[in-house]
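Only one structure is covered here, and it is reproduced in the block below.
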Amino acid sequence: MLKMDEVYYTYPNGPCVLKGLSLHVPSGKKCALIGHNGCGKTTLFLHANGLLRPDSGDIYWNGEKMDYRCQTLQKWRREVGIVFQNPEHQLVAPLVRDELAFGLHHLGMKKSEMDELMEKALDEFGLRSWLDKPVHHLSLGQKKWLTLAAIMVMNPKLLVLDEPTAYLDRLQIERFVEKINDIHRAGTTVLIATHDFDFVLEWADIVFVMHDGQIVMQGSPQDVFARQHQLQKWRLGVPLLASVWKTLFPHDTRIPRNVEEMKQWMRMVERTNLRISEKVI
Amino acid sequence: MLKMDEVYYTYPNGPCVLKGLSLHVPSGKKCALIGHNGCGKTTLFLHANGLLRPDSGDIYWNGEKMDYRCQTLQKWRREVGIVFQNPEHQLVAPLVRDELAFGLHHLGMKKSEMDELMEKALDEFGLRSWLDKPVHHLSLGQKKWLTLAAIMVMNPKLLVLDEPTAYLDRLQIERFVEKINDIHRAGTTVLIATHDFDFVLEWADIVFVMHDGQIVMQGSPQDVFARQHQLQKWRLGVPLLASVWKTLFPHDTRIPRNVEEMKQWMRMVERTNLRISEKVI
Amino acid sequence: MIRQFDTIAYDNRLRTIRPEQKVIFALLLLMMAITGNWKMQVMMTIWLAIWIIGYARVSWKVYAKALGVVALFLMMSFPALLVSIDKSFHVSIDRSQIFIAMSLLSRSVAAWSCLFFLLVTTPFPEILYVLKRMKVPSIIIELLFFMYRFVFVFEKAAEELYVAMKARNGGNHWRHGGMLVFQLFQKIWHSYEVLRLALWARGVSDEMTYVHVETYNEKNKRYLWEAAIGICLLLRLG
Amino acid sequence: MKKWKVALFLCGLVVYFTFTGSTSAFAMHIMEGFLPVGWVIFWWLVFLPFFIIGMRSLIRITREHPELKLLIALSGAFTFVLSALKIPSVTGSSSHPTGVGLGAVLFGPWTMVVMGSIVLLFQALLLAHGGLTTLGANAVSMAVIGPIVAYGIYRFGKKWNIPRRWTIFFAAFFSDLATYVVTSLQLALAFPDATGGVFASFAKFAGIFAVTQIPLAITEGLLTVVVWNFLSTY
């Protein structure tokens, strides 16, 4: 879906941030991006819908090479929605209603079409009761929810989220992740940057590990987090569940994705053990 | 050390936030405060050094009832240092140097004394190379580090931190926690509000559970997180490690504090099991 | 401080009335207040107090406090109006000046009541919507809309910065004021950079326009009748 | 004699604190309904041409650089927040810096005319400071005269190579002062003294405001210099 090929980028009067980055986000998958702060994640995102233009290297969207002409950009930006870290820096309209309409209006949509999409978003995100509220009366969690809604109303094909769960409590995170899963099920590819590895392990189909401006590793979370030594090299560590499993079964190279799966596996192991011990006896 | 007794607080023209909150932070402990967003944590912190005055109820600092006179406040604020959530809104001075000196200026200290404390903080936090940098050139991690340094330079007796780990990567969190442990070892009581329950489980001596303007439960993390049903009532959930342990040993009421401890306990269990199975055989 | 009236405007009882009606009502009364006589002004003040406290259910404490501040200011400007000093430094109080001061008092309080009524019953965006219908240039409306959003972002930043200062025993020196202003200024540049990117990301390329989705509130006949009858009665007083 | 002086000093202090403490928010703005209808119309008529010129320059700027719309809105919000905040000042009481001087130097006087009047509208509609009928008069003093004086002094200082620090200080100081002189004049015209006429009335209003406004103007000057120093250094 989104493909980057040997992308280099240096900020004007700044440091070189992307150093030959290659990335392929496959369509319809849940993707996660992990890496230290300052490794270039945000810069990468800004390349994902043409906000920055690489110094060298190409970016392909749906197999098409992006040429940064005005029309291409407009279409591209419609199809890639980005939710940034801080909602205060993304919401521009003082009213919830206007915030939702803002993006749609700038896509050059007709009024009737706009209304239809708005209605859909209102139902999906349960925003109807907020509609006449000003944005500054919302709490942080609600603001994050609204940023997501304001992006999703444009119906993007790829949704990019930068640390959506920071500062949220468990309940809010649950709701947020559920909504993202809904969005994914409806056919949108999702790419999340996060520091919460346990979430990555459970949620993602593919993990990209970023280090110093490059994608240094990728694969399913089980594969990636199993390579503990390599991750250590980039000082990244592993999810808690992975280290628990490692403790229990030092020779098992697999990692359960969540506590449920661990439970099942444990049962299987027990059964085998029983059978073994029966044999021994 | 810090004691609150039936504190009520309502924001002017706003909602009632603290509803008869009683809290006792014992001296020299690592304390954690958990609870949903919007339950009043930040308001509680603003009461911890007299930035807000309760509508009713008393606050005691070192056994002394606070009377909100100018002098009391000054001393109190020196002894309770608060690191707020958002470093962007806490750093006030344009230069790192000035930021460090900011708190010291108002303690009525001699120049030589001030320089000494500054030197000490510079060494402890490794800030020497940043000294003449403008604050807005720092990265988020660095800013958080600086907020901590700017508070610790005043040598408070109680350090209060509001979600210090959000947006930080694993490496930064490790460094931060290590520093906080150093601070605690040097004799400062620490109180942290966070949503990361696994961190609480491993780190804290005492956990306070806050819900709807009250402290509804407190105790050691093992005790608190063992009461899963009660926590569920406030929709708070348990640490991952606790649910793992519960899966392994449904009848064990203890919870290991970290993977290391879990490993040890497992070994003990294995040995017992072995002995049992030997007996059986 | 900025939030106080704004919050009331969003959850008062007259919120659901169409903003045009409230704006026209307030402006009409305002015009009558500055042109009419004192009887009219006094009646108007009382009538508006009923609207504000009775119908809109604004807490009387808030109203009294705001009115008190206005009255205090007026009182303090009276000495300057009443006392006159001539060239030989004779201090005197002129009888005609007393009359002027009294008429000033009634006029100011009545006019202020109109403004305050508008302020606490109509949220700012709805006033802007009326301005838009009054064909105020769209650039002004857009600026006002965006400003209204950012006012609260900066107010929050300023408040948190001030609390952080106070937590370290600061915030009482003009140099700290300078620091605060500087930090806020930094926030402007930062927000500008980041917001621009966020807007581009949503496909806002060259022209950024503000769209206000209009809502249609109810027309309330009961209040409409009271307003009409009241205004007629007031005009008979004048 | 000495006692008399002390008493006078104390009286001055009392007046000063009552003004700056509780109602300095109003000191610079003429409140709603304070001016008679004739003067309301007059000052609106004086204000409108400036506003139209400012609008034109604003429209030109935003057409050439559309992204500036965002920046102008941001700085407008900044100016408003500054004017509404109680910034700590010398005495421990608070002043309300207008921020107009700084804005004029940074963005030019014409943009400031529009932004200043928008800020005044915000003050009227969010805080009940100033008013709608008196918006014309207030805008003339705060959004027209203030920025023009500030910008004039800034240009003058730049031309004659006066140290930047002093230029900025005087730009802010005099724009503040000019604002209050114009406000006094407006009040004097509307309320002439019974015996001494407009002139005596002006002396009265200017005298009263001088007690509060000169310290405030100095504070604002200092504040602006501090901010400017930070801005130009970092």
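Sequence lines set the chain letters: A, B, ... in the order given, protein chains first and strands last, and positions in each chain run from 1. Being a predicted model, the structure only gives us computed values, none of them experimental.
With chain B as the partner, the residue from A/G237, A/A166, A/G38 showing the most heavy-atom pairs under 4.5 Å is A/A166. Options B/T247, B/L171, B/N37 differ in how many heavy-atom pairs under 4.5 Å they form with chain A, and the most are formed by B/N37. Listed options B/L241, B/L240, B/N258 were ranked by heavy-atom pairs under 4.5 angstrom with chain A; first place goes to B/L240. Between chain B and the options A/V259, A/I173, A/T165, A/I34, the largest number of non-hydrogen pairs under 4.5 Å is found for A/V259.
Residue B/S139 does not touch chain A at all, counting heavy-atom pairs closer than 4.5 Å. The parts of A/Q85 that come within reach of chain B are both its backbone and its side chain, each placing non-hydrogen atoms under 4.5 angstrom from that chain.
Once rounded to the nearest 0.5 Å, the distance linking NZ of A/K263 with NZ of B/K246 reads 10.5 Å. Here the CG atom belonging to B/L140 is positioned 10.0 Å from the CG atom belonging to A/N86, to the nearest 0.5 angstrom.
Applying the ring pair (Phe, Tyr, Trp, His ring centres under 6.0 Å) test to B/F176 and every residue at least two apart in sequence or in another chain returns nothing.
Between A/L248 and B/L248, the closest side-chain pair of non-hydrogen atoms falls below 4.5 Å.
Heavy atoms from other residues, nucleotides or ligands lying under 6.0 Å from CZ of B/R235 number 12 at most.
Heavy-atom proximity under 4.5 angstrom to chain A picks out B/H195, B/F197, B/D198 from residues 192-209 of chain B.
Considering every non-hydrogen atom in both B/L236 and A/R170, the closest pair reads O-CD, 3.3 Å.
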